[in-house]
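For reference, the structure discussed in these notes is given below.
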Protein chains: 2
Amino acid sequence: MKFSKKSEYGLRALLELTRAYGSTTLQRHDIAVRQHIPVEFLEQILLALKRAGLLSSKRGAKGGYRLIKQPKDISLGSVIRILDGPLAPIGCVSKTAYQKCSDCPYANHAHCPVQQVMGSVRDAIADILDNYTLADFAAGSKHT
Amino acid sequence: MKFSKKSEYGLRALLELTRAYGSTTLQRHDIAVRQHIPVEFLEQILLALKRAGLLSSKRGAKGGYRLIKQPKDISLGSVIRILDGPLAPIGCVSKTAYQKCSDCPYANHAHCPVQQVMGSVRDAIADILDNYTLADFAAGSKHT
DNA sequence: CAAATTGTTGATTAACTCACTCATGTTTAC
DNA sequence: GTAAACATGAGTGAGTTAATCAACAATTTG
């Protein structure tokens, strides 16, 4: 039940990009040094975030990455879904990537005990992460 | 961010054992058939739960497993910790198995943004799973 | 006692994922 | 044109997951 390094690095990279939002672009090298992330691995992450529409990049000398959405409009939940997949602890309670459980004797029943608990776990996680934005994150707290 | 099959199977097996609590013992074979779990894999799970003090077993013909603690005294959280390890989404916010993060530039600071969010995620998950017992689970709902 | 039944233990496995790493491109600034 | 930077895809070693297998130990029943 862990988040991957990919998500963790992704969030830490976005922390740097949020701080630079509106002013400068950041190069992968600088982000990597500041956050102690292996450069080549970081690149995969930045590209995934770019493909998902969070970042833009500029090639060549003086290039770099920057946020193209406002920090207050990007939730940590959406970032983690991009990098790590669904938040749900088991497939059959995912709202963004539902998967029928193959072997459960309660499959297709709404009264599966596992689904009931895991559903509320999913909701609790999503409630936090989908309402916590990069702006909150960079500020070090969630403002209500 | 998923729970393993081991945890899922473990919970489903305990569902059967909770239903049989106080009356009969259940053999691994019967549990496996009712819950569609591979017998040999189920055995590893039952033995882990036995070592953890939740089950007792009897060998030989007419043998089997049974719960030795009351269903209302076993939380789903404790079961998952036995089978899957800590609930925390990253090591540095685990209360039962804390691990210092090696590469985080905020390590040792109480103000690490990642720790703040992940800490509240951990608490939300633990709040649910540590207060949900096998009795609630078998009843199909949490009674307050 | 013998045979059948069941739990116990440990080793082994195939498939997969994670966290990188490498090689090779392509674009841009100067 | 050349150095700096992003882009892409392939590859890799370590570890995990989900089983599977083999051999053994204890108990009951005939």
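All chains are named by letter (A, B, ...) in the order of the sequence lines, taking the proteins before the strands, and each is independently numbered beginning at 1. Side chains are part of it too, since the values below use all heavy atoms of this structure and drop only hydrogens, waters and symmetry mates.
In this structure, A/Tyr65 does not reach the D/dA5 phosphate: none of its side-chain N or O atoms is under 4.0 Å from OP1 or OP2. For B/Ser4 and D/dT16, the shortest distance from a side-chain N or O to OP1 or OP2 is not below 4.0 Å. For D/dA7, the OP1/OP2 oxygens have a side-chain nitrogen or oxygen of A/Ser57 closer than 4.0 Å. Phosphate contact (OP1/OP2 of D/dA19, side-chain N/O of B/Lys6, threshold under 4.0 Å): absent.
Nucleotide C/dC18 holds its P atom 12 Å from the CG atom of A/Leu83, rounded to whole Å. At whole-Å resolution of the value, CZ in A/Arg66 and C1' in D/dC6 are 14 Å apart. Put simply, OH on A/Tyr9 is 14 Å from P on C/dC18, counting in whole angstrom units.
Residues A/Thr25 and A/Lys58 are not in side-chain contact: their nearest non-hydrogen atoms beyond the backbone lie 4.5 Å or more apart. Within the 4.5 Å cutoff, the side chain of A/Leu17 has no heavy atoms near those of the A/Leu54 side chain. Residues A/Glu8 and A/Lys5 are in side-chain contact: their nearest non-hydrogen atoms beyond the backbone lie under 4.5 Å apart. Under the 4.5 Å side-chain criterion, counting only non-hydrogen atoms from C-beta, A/Pro38 is in contact with A/Tyr9. With a 4.5 Å cut-off on side-chain heavy atoms, A/Leu55 and A/Leu14 count as touching. Using a 4.5 Å cut-off on side-chain heavy atoms (C-beta onward), A/Val93 and A/Gln115 make contact.
B/Ser120 and B/Asp123 are not linked by any side-chain donor-acceptor pair at a separation below 3.5 angstrom, with hydrogens and angles left out of the test.
Nucleic acid contact for B/Lys2: none, since no nucleic acid atom lies under 4.0 Å from a heavy atom of the residue.
The pair B/Glu16-B/Arg12 does not count as a salt bridge, with every side-chain nitrogen at least 4.0 angstrom from each carboxylate oxygen.
Comparing A/Arg51 and B/Asp84 against DNA chain D, the residue whose closest nucleotide sits nearer the 5' end is A/Arg51.
Within residues 18-48 of chain A, the residues that have a heavy atom under 4.0 Å from DNA chain D are, in order of number, A/Gln27, A/Arg28, A/Glu43, A/Gln44, A/Leu47.
Taking every heavy atom of both residues into account, A/Arg122 and A/Ser94 meet most closely at CD-CA, 4.3 Å.
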What string of B, S and - do you get for nucleotides 25-30 of chain C 5' to 3' if you count protein non-hydrogen atoms under 4.0 Å?
-BBBSS
